[in-house]
There are 2 protein chains.
Amino acid sequence: MMELTRKGDYAIRGIIYLAGQPPDKISLLSDIAAAVDVPQTFLAKIFQQFSKTGIVKSFRGTGGGFLLAGPPESISLLQVVEAVEGPILPNRCTLKQGECERDSFCTVHPVWMQVQQQVRGILAGITLKDLTSS
Amino acid sequence: MMELTRKGDYAIRGIIYLAGQPPDKISLLSDIAAAVDVPQTFLAKIFQQFSKTGIVKSFRGTGGGFLLAGPPESISLLQVVEAVEGPILPNRCTLKQGECERDSFCTVHPVWMQVQQQVRGILAGITLKDLTSS
DNA sequence: GGCAACAGGACTTGACAGGTCCTTTAGCAT
DNA sequence: ATGCTAAAGGACCTGTCAAGTCCTGTTGCC
């Protein structure tokens with residue numbers, strides 16, 4: 001269980017590549033896709049989501065491409081993952097109270113809350129800088 | 001991401017019910033299913049898996065049913081979840097080394113390992129006893 | 001205007017979640 | 001022994017979603 005999807009995996013690969021490029025160097029989608037070995041059309045969707053959530057800047061037309069929206073140390077793995085996978089929710093009931101009518105006597109609820117917090121904590125603590133300085 | 005499936009959810013409900021019964025009281029599948037509001041045929045599959053992994057004992061025929069294989073404090077939530085959902089793997093590469101050819105330079109790998117360990121740790125620390133004494 | 005590049009919608013395919021149904025096997029009771 | 005009871009297990013169904021593909025915009029340089 002708990003598996004990251006391919007989309008999430010690709011997303012991480014792609015953004016790490018970007019983070020590894022010289023700052024202000026605009027990268028072509030085709031270059032990124034080739035470098036990280038991901039179908040270009042699929043990666044396009046992923047970077048669209050990145051662009052919408054603002055962790056990446058996009059430029060169209062000749063000389064266009066993608067750029068990290070900020071310095072690598074300002075972008076966390078959590079942001080990247082949640083941008084494409086949606087929020088981290090071990091169980092639907094962790095979304096909001098009253099979601100399940102069993103809430104009142106659901107003794108497992110606090111456990112999932114703890115799992116959620118731990119995982120988010122770990123991912124939030126890793127930045128793109130940590131992932132490129134290998 | 002990371003969502004528990006319905007199967008996992010049902011599994012937990014069912015086993016908690018069992019753990020809440022008097023020791024040595026054999027419960028009928030039909031009773032469990034009714035009590036925790038899960039389709040009986042589906043719950044049957046789940047308890048078959050429980051039975052195979054040994055966290056539950058089953059008896060056939062008249063007077064048959066299910067029994068917790070040990071005291072509630074001896075069975076962890078991790079056992080329950082992994083029995084029906086399979087092992088907790090944030091990424092395929094956490095299964096074993098060399099799974100992805102990118103392994104050597106995959107800086108994310110240790111992060112997923114940490115996530116996996118944390119989650120397993122939390123779930124392993126919760127027993128059925130903790131979940132019934134509400 | 002025309003080419004370069006991302007944006008976004010529509011569509012396809014296969015797998016898997018979430019069940020259902022039916023037959024078989026095991027155990028007790030008469 | 002035979003019939004009833006209850007779990008075991010296989011076969012099947014259905015809808016959703018992951019994982020892409022493809023085509024048509026839209027934007028921007030030249």
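Because only heavy atoms are used, hydrogens play no part in the values below, and waters and symmetry mates are left out as well, while side chains stay in. Note that the structure is predicted; figures quoted are calculated from it, not measured. To find a chain, count down the sequence lines: A is the first, B the second, and so on, and within it residues start at 1.
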request  = Measure the spacing between CD1 of A/Ile88 and CD of A/Glu82 and express it to the nearest 0.5 Å.
outcome  = 5.0 Å

request  = Tell me whether A/Val111 is reachable from B/Val36 by hopping between hydrophobic residues (I, L, V, M, F, W, Y) whose side-chain heavy atoms are closer than 4.5 Å.
outcome  = yes

query = For A/Arg60, what residues pass the salt bridge (charged side-chain N to carboxylate O under 4.0 Å, His left out) criterion, not counting sequence neighbours?
reply = none

ask   = Between atom CG in B/Leu67 and atom P in D/dA6, what is the gap in whole Å?
value = 16 Å

ask   = Whole Å only: how far is the CG atom of B/Leu29 from the P atom of D/dA8?
value = 9 Å

message = Set out, in order, the CA-CA distance, both residues' side-chain angles and the distance that settles side chain to side chain contact (heavy atoms under 4.5 Å, CB included) for A/Phe47 and A/Ile55, then state yes or no.
response = CA-CA 9 Å; A/Phe47 270 73; A/Ile55 66 184; over 6 Å; no

ask   = Any link between A/Val84 and A/Ile122 through a network of hydrophobic side chains (Ile, Leu, Val, Met, Phe, Trp, Tyr) touching at under 4.5 Å?
value = yes

remark   = In whole angstroms, the gap separating C1' of D/dG9 from CG of B/Leu43 amounts to 16 Å

request  = Check the distance between C/dG18's P and A/Met1's CE and give it to me in whole angstrom.
outcome  = 12 Å

note = Rounded to the nearest 0.5 Å, the CG atom of A/Leu131 sits from the NE2 atom of B/His109 at a distance of 13.5 Å

message = Measure CD1/B/Ile26 against C1'/C/dG27 and give the value in whole Å, please.
response = 12 Å

Atom-pair distance (CZ on A/Arg13; P on D/dA19), nearest Å = 12 Å

I'd like a list of close polar pairs between nucleotides 20-23 of chain D and the protein, N/O only, cut-off under 3.5 Å.
unit_1 : atom_1 : unit_2  : atom_2 : d
D/dG20 : OP2    : A/Tyr10 : OH     : 2.9
D/dT21 : OP2    : A/Thr41 : OG1    : 3.1

message = Going by side-chain hydrogen bond (donor to acceptor under 3.5 Å, both in side chains), name the residues that satisfy it together with B/Gln114, two or more places apart in sequence or in a different chain.
response = none

request  = To the nearest Å, give me how far apart CZ (B/Phe50) and C1' (D/dA8) are.
outcome  = 16 Å

Contacts table for residues 62-78 of chain A: side-chain donor-acceptor under 3.5 angstrom, sequence neighbours left out:
unit_1  : atom_1 : unit_2  : atom_2 : d
A/Ser74 : OG     : A/Pro71 : O      : 2.6
A/Ser76 : OG     : A/Leu78 : N      : 3.4
A/Ser76 : OG     : A/Gln79 : N      : 3.2

inquiry  = Would you say A/Ser30 places a side-chain N or O within less than 4.0 Å of OP1 or OP2 belonging to C/dA5?
reply    = no

message = So if I take residues 54-64 of chain B and measure heavy-atom distances to DNA chain D, which residues fall below 4.0 Å?
response = B/Ser58, B/Phe59, B/Arg60, B/Gly61, B/Thr62

Tell me which donor-acceptor pairs under 3.5 Å the side chains of residues 16-33 of chain A have, and how far apart each pair is, sequence neighbours excluded?
none

ask   = How close or far is atom P of D/dT5 from atom CG of B/Leu28, stated in whole angstroms?
value = 12 Å

inquiry  = Considering every strand and a 4.0 Å limit on heavy-atom distances, what is the contact class for B/Phe47: base, sugar-phosphate, or nothing?
reply    = nothing

